[in-house]
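Quick note on labels: first sequence line is chain A, next is B, and so on, each numbered from 1.
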Protein chains: 2
Amino acid sequence: MSTTNLDGHLGYWLRLVSNQLATAFARALQERGLSVAEWVALARIDASAGLNCVQLAGALGVTRGAISKVLDKLQDKEWITRTVSDLDSRVQVLALSRRGRRRLPELTRVAQANEAQFFARLDAGEQALLRGLLRKVAG
Amino acid sequence: MSTTNLDGHLGYWLRLVSNQLATAFARALQERGLSVAEWVALARIDASAGLNCVQLAGALGVTRGAISKVLDKLQDKEWITRTVSDLDSRVQVLALSRRGRRRLPELTRVAQANEAQFFARLDAGEQALLRGLLRKVAG
DNA sequence: TATTGTTATACTCTATAACTATA
DNA sequence: TATAGTTATAGAGTATAACAATA
């Protein structure tokens, strides 16, 4: 007799869907020369002007160390700038570079196309519902 | 002007929540000597009797190569058995070992406690709704 | 030829913890 | 002392592709 009803676990489905989406998205982004984590950071920097590293890490739910590496890669590609704050020289102000701004629209299109395809089984109302539930969990 | 409304992306929230859950769960499982991927495989083997590797890979949404490694670790710990099928000697039939069966209930409790805490912001109805939506996306 | 499972290789992603510089 | 950011280290998790054995 099995003791496990894995299908009842929310975590199981969350993991399955998230992994499938990430894999598909990673392939789509690869041709444009960036990874999923890099895209998320880039998009967040664009969406929230004047962010620093600690704030970005908090927004993405990862550590400072993890963010630091991702930012290194984005900076190597010259898609972002890191500017020391005038008010506090420990702080970096993050921003998109000219090149980053030029590239972002296409990346956003790729992200949206990927999402549209991936969540095609849900109608607009269901997608909004799912988004709302995830936001609520994220707190 | 920013072009990105990251909060509108389902993938953003999915990634955030999934990563948070996986990190918390990994910590809880670590003390019991296994990883998240190992637990998921173990639970799936228990839930679906007579699985082989290809079927397990399909159920978990990963490749055969990835599964092979996870199974190696579970076998090293003697939590599963791999038995060559009588009908087709290419095929392995996966099953929990005696030790695996003995350990599973506690691991299931850990998983459930972790989930209960993580999804505490959602009531039972919302959790069922979320599960249904994720299942629908997974197809 | 097709399928099952393994292996070699390489990445991405993340954490922990110690560190530097500044406040 | 506390905070911002970096770095060193380690490990989990996965993919791709080539491979051996079997069908």
Trainee: Tell me: CD of Gln20(A) to C1' of dT14(D), nearest whole Å?
Mentor: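 Roughly 13 Å, once rounded to whole Å.
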Trainee: Between dA12(D) atom C1' and Asn19(B) atom CG, what is the distance in whole Å?
Mentor: 12 Å
Trainee: Between Gln30(B) and dG11(D), does any side-chain N or O lie under 4.0 Å from OP1 or OP2?
Mentor: no
Trainee: In Å and rounded to the nearest 0.5 Å, what is the CD to CG distance from Gln112(B) to Asn114(B)?
Mentor: 11.0 Å
Trainee: In this structure, how many angstroms lie between the C1' atom of dT14(D) and the CD1 atom of Ile67(B), rounded?
Mentor: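 Checked: the CD1 to C1' distance equals 11 Å.
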Trainee: So, taking the atom named CG in Leu96(B) and the one named CZ in Arg103(B), what distance separates them when rounded to the nearest 0.5 Å?
Mentor: 12.0 Å
Trainee: Name the nucleic acid region contacted by Val70(B), choosing base, sugar-phosphate or nothing; use a 4.0 angstrom heavy-atom cut-off, strictly under.
Mentor: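 Answer is nothing: Val70(B) stays at 4.0 Å or more from every strand.
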Trainee: Side-chain donor or acceptor of Lys69(B) under 3.5 Å from a matching atom on the base of dT14(D)?
Mentor: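 Indeed there is one.
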Trainee: So, is Arg64(B) close to the dC19(D) phosphate, meaning a side-chain N or O under 4.0 Å from OP1 or OP2?
Mentor: no
Trainee: Identify which nucleotide among dT22(D), dA15(D), dT9(D) has an atom closest to any side-chain atom of Val62(B), counting heavy atoms from C-beta outward.
Mentor: dA15(D)
Trainee: Among dA2(D), dA12(D), dT14(D), find the nucleotide with the atom closest to the side chain of Ala37(B).
Mentor: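 Shortest atom-to-atom distance from the side chain points to dT14(D).
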Trainee: What is the distance, to the nearest angstrom, from the CZ atom on Arg90(A) to the P atom on dG5(D)?
Mentor: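 My rounded result for the distance is 9 Å.
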Trainee: Side chains of Leu134(B) and Leu14(B): does their closest heavy-atom pair fall under 4.5 Å?
Mentor: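 Yes - at least one pair of side-chain heavy atoms lies under 4.5 Å apart.
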Trainee: Below 4.0 Å from chain B heavy atoms, what is the first contacting nucleotide of DNA chain C and what is the last?
Mentor: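 That gives a stretch of dA2(C) to dT16(C).
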Trainee: How close or far is atom C1' of dT22(D) from atom CG of Leu87(B), stated in whole angstroms?
Mentor: 14 Å
Trainee: Which residue lies toward the 5' end of DNA chain D, Ala66(A) or Ala66(B), if each is placed at its nearest nucleotide?
Mentor: Ala66(A)
Trainee: Looking at residues 47-58 of chain B, who's got a heavy atom less than 4.0 Å off DNA chain C?
Mentor: Asn52(B), Cys53(B), Val54(B)
Trainee: Glu126(B) side chain to Asp123(B) main-chain N or O, any donor-acceptor pair under 3.5 Å?
Mentor: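 A pair under 3.5 Å: yes.
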Trainee: Could you say whether Thr63(B) or Asp88(B) is positioned toward the 5' end of DNA chain D, judged by the nucleotide with the nearest heavy atom to each?
Mentor: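 Closer to the 5' end of DNA chain D: Thr63(B).
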Trainee: Sort out for me which residue in Val93(B), Leu74(B), Asp72(B) forms a side-chain contact (heavy atoms from CB on, under 4.5 Å) with Arg82(B).
Mentor: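 That would be Asp72(B); it is the only one of Val93(B), Leu74(B), Asp72(B) passing the side-chain contact (heavy atoms from CB on, under 4.5 Å) with Arg82(B).
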Trainee: Rounded to the nearest angstrom, tell me the gap between atom CG in Leu74(B) and atom C1' in dA12(D).
Mentor: 14 Å
Trainee: Without swapping roles, check the side chain of Gln92(B) against the backbone of Cys53(B) for a donor-acceptor pair under 3.5 Å.
Mentor: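 Side chain of Gln92(B) to backbone of Cys53(B), a donor-acceptor pair under 3.5 Å: no, none is there.
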Trainee: Should we say atom CG of Asp86(B) is surrounded by more than 12 heavy atoms from elsewhere, each under 6.0 Å from it?
Mentor: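 Count not over threshold, so no.
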Trainee: Kindly state each residue pair satisfying ring pair (Phe, Tyr, Trp, His ring centres under 6.0 Å) with at least one member in residues 74-126 of chain B, sequence neighbours excluded.
Mentor: none
Trainee: Which nucleotide in the set dA12(D), dT6(D), dT14(D) lies at the smallest distance from any side-chain heavy atom of Lys73(B)?
Mentor: dA12(D)
Trainee: Regarding Ser35(A), tell me which of base, sugar-phosphate or nothing describes its non-hydrogen contacts under 4.0 Å with the strands shown.
Mentor: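 Result for Ser35(A) = sugar-phosphate.
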Trainee: Roughly how far, to the nearest 0.5 Å, is OH of Tyr12(B) from CZ of Arg131(A)?
Mentor: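 Atom-to-atom, Arg131(A):CZ and Tyr12(B):OH are 13.0 Å apart.
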Trainee: If only side-chain N and O atoms of Ser89(B) are considered, is one of them under 4.0 Å from the OP1 or OP2 phosphate oxygen of dA23(D)?
Mentor: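 Yes, within the criterion.
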Trainee: Given 3.5 Å as the limit, does a donor-acceptor pair link the side chain of Lys73(A) with the main chain of Ser35(A), or not?
Mentor: no
Trainee: Using whole Å, what does the distance between atom P of nucleotide dT14(D) and atom CG of Leu16(A) come to?
Mentor: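 The answer, rounded to whole Å, is 10 Å.
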Trainee: In whole Å, what is the span from the CG atom of Leu60(B) to the P atom of dA15(D)?
Mentor: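 In whole Å, dA15(D) P lies 11 Å from Leu60(B) CG.
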Trainee: Using a 4.0 Å heavy-atom cut-off across all strands, classify Ser68(B) as base, sugar-phosphate, or nothing.
Mentor: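 The answer is base, as Ser68(B) lies within the cut-off (heavy atoms under 4.0 Å) of a base atom.
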